[in-house]
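A short write-up of the structure that comes next.
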Amino acid sequence: METKQNKFQLRALTLGFLAMLVLIILVVGLGMFGLERLSLDLDKVVSGHSQHNKLGREMRLVVRDRATLLGRIVLEKDPFARDELMLHFTDLGRRFGAARTQLLAMPSLVPEERALLEEQRQR
């Protein structure tokens, strides 16, 4: 009789152990799935901010280069060199416009950024 009780206890212990093992595997799997989704969302946010920074930096550098180039155009005596500088000035304007257009097309812009870009367009 005692052996049947021992077998029953051993079977109950084994089933309990397997149930806990399945539960642990399930919790770990759900946790890993959640971490993967969180990682993808974080990558998306970081990528958006990096793109914002890159475009803003590009616009700032182009504006700086255009300002210095404008001074050089005014001081240039050779008309052919002045024309070349003016072509470069126009090309920089296109680069600025392209960066601004890319920035406006980003869906992650907040309303304040859109308002600032609209104000910039009006000037």
Side-chain angles (χ1 to χ4, degrees):
M1 184 110 182
E2 225 173 71
T3 57
K4 284 187 178 181
Q5 189 175 4
N6 284 344
K7 285 182 181 181
F8 177 74
Q9 287 175 348
L10 183 62
R11 194 174 290 160
L13 186 63
T14 303
L15 285 176
F17 177 75
L18 289 176
M20 290 302 294
L21 190 60
V22 167
L23 183 63
I24 289 172
I25 289 171
L26 182 65
V27 167
V28 168
L30 288 174
M32 290 179 67
F33 177 73
L35 284 175
E36 180 66 25
R37 284 188 48 123
L38 186 63
S39 176
L40 291 174
D41 290 345
L42 185 61
D43 285 345
K44 196 183 303 181
V45 168
V46 168
S47 173
H49 283 291
S50 294
Q51 188 68 11
H52 278 143
N53 287 338
K54 178 185 166 219
L55 292 171
R57 185 172 40 253
E58 171 77 14
M59 291 168 66
R60 182 177 46 85
L61 291 175
V62 166
V63 167
R64 185 196 66 191
D65 290 347
R66 284 189 78 178
T68 58
L69 193 57
L70 191 57
R72 287 178 51 201
I73 289 171
V74 171
L75 297 175
E76 182 60 51
K77 303 229 186 281
D78 181 17
F80 295 107
R82 189 171 38 242
D83 281 347
E84 186 177 326
L85 290 173
M86 289 173 67
L87 287 173
H88 186 56
F89 182 82
T90 304
D91 183 51
L92 287 174
R94 278 192 222 106
R95 279 180 46 197
F96 180 87
R100 187 177 180 285
T101 302
Q102 285 179 353
L103 192 60
L104 275 171
M106 296 185 82
S108 59
L109 280 181
V110 295
E112 292 83 10
E113 291 171 326
R114 289 200 185 277
L116 182 63
L117 287 170
E118 179 60 29
E119 181 182 328
Q120 179 190 54
R121 184 189 66 79
Q122 292 175 356
R123 291 182 181 198

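Counting begins at 1 with the first residue of the sequence.
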What I'd like to find out is whether the side chain of [X] reaches to under 4.5 Å of the side chain of [Y], using heavy atoms alone.
{"X": "His52", "Y": "Glu113", "answer": "yes"}
{"X": "Leu40", "Y": "Lys44", "answer": "no"}
{"X": "Val62", "Y": "Arg66", "answer": "yes"}
{"X": "Leu26", "Y": "Leu30", "answer": "yes"}
{"X": "Arg95", "Y": "Leu92", "answer": "yes"}
{"X": "Val45", "Y": "Asp41", "answer": "no"}

Over all atoms of both residues, closest heavy-atom pair of [X] and [Y]:
{"X": "Arg100", "Y": "Glu118", "answer": "NH2-N, 4.2 Å"}
{"X": "Leu104", "Y": "Arg114", "answer": "O-NH1, 3.1 Å"}
{"X": "Ala99", "Y": "Glu58", "answer": "CB-CG, 4.0 Å"}

Transitive ILVMFWY side-chain link [X] to [Y], under 4.5 Å:
{"X": "Met106", "Y": "Val46", "value": "no"}
{"X": "Leu116", "Y": "Leu109", "value": "no"}
{"X": "Leu103", "Y": "Leu61", "value": "no"}

Between [atom1] of [X] and [atom2] of [Y], what distance do you get to the nearest 0.5 Å?
{"X": "Asp43", "Y": "Leu38", "atom1": "CG", "atom2": "CG", "answer": "9.5 Å"}
{"X": "Phe8", "Y": "Leu13", "atom1": "CZ", "atom2": "CG", "answer": "11.5 Å"}
{"X": "Thr101", "Y": "Leu55", "atom1": "OG1", "atom2": "CG", "answer": "10.0 Å"}
{"X": "His88", "Y": "Asp91", "atom1": "NE2", "atom2": "CG", "answer": "7.0 Å"}
{"X": "Met59", "Y": "Leu117", "atom1": "CE", "atom2": "CG", "answer": "6.0 Å"}
{"X": "Asp65", "Y": "Arg60", "atom1": "CG", "atom2": "CZ", "answer": "10.5 Å"}

Gln9: what forms a side-chain hydrogen bond (donor to acceptor under 3.5 Å, both in side chains) with it, not counting sequence neighbours?
-> none
Please list every donor-acceptor pair under 3.5 Å in which a side-chain atom of residues 71-86 meets a protein atom from a residue at least two apart or in another chain.
{"unit_1": "Glu76", "atom_1": "OE2", "unit_2": "Asp78", "atom_2": "N", "d": "3.3"}
{"unit_1": "Asp78", "atom_1": "OD1", "unit_2": "Phe80", "atom_2": "N", "d": "3.4"}
{"unit_1": "Arg82", "atom_1": "NH1", "unit_2": "Glu76", "atom_2": "O", "d": "2.6"}

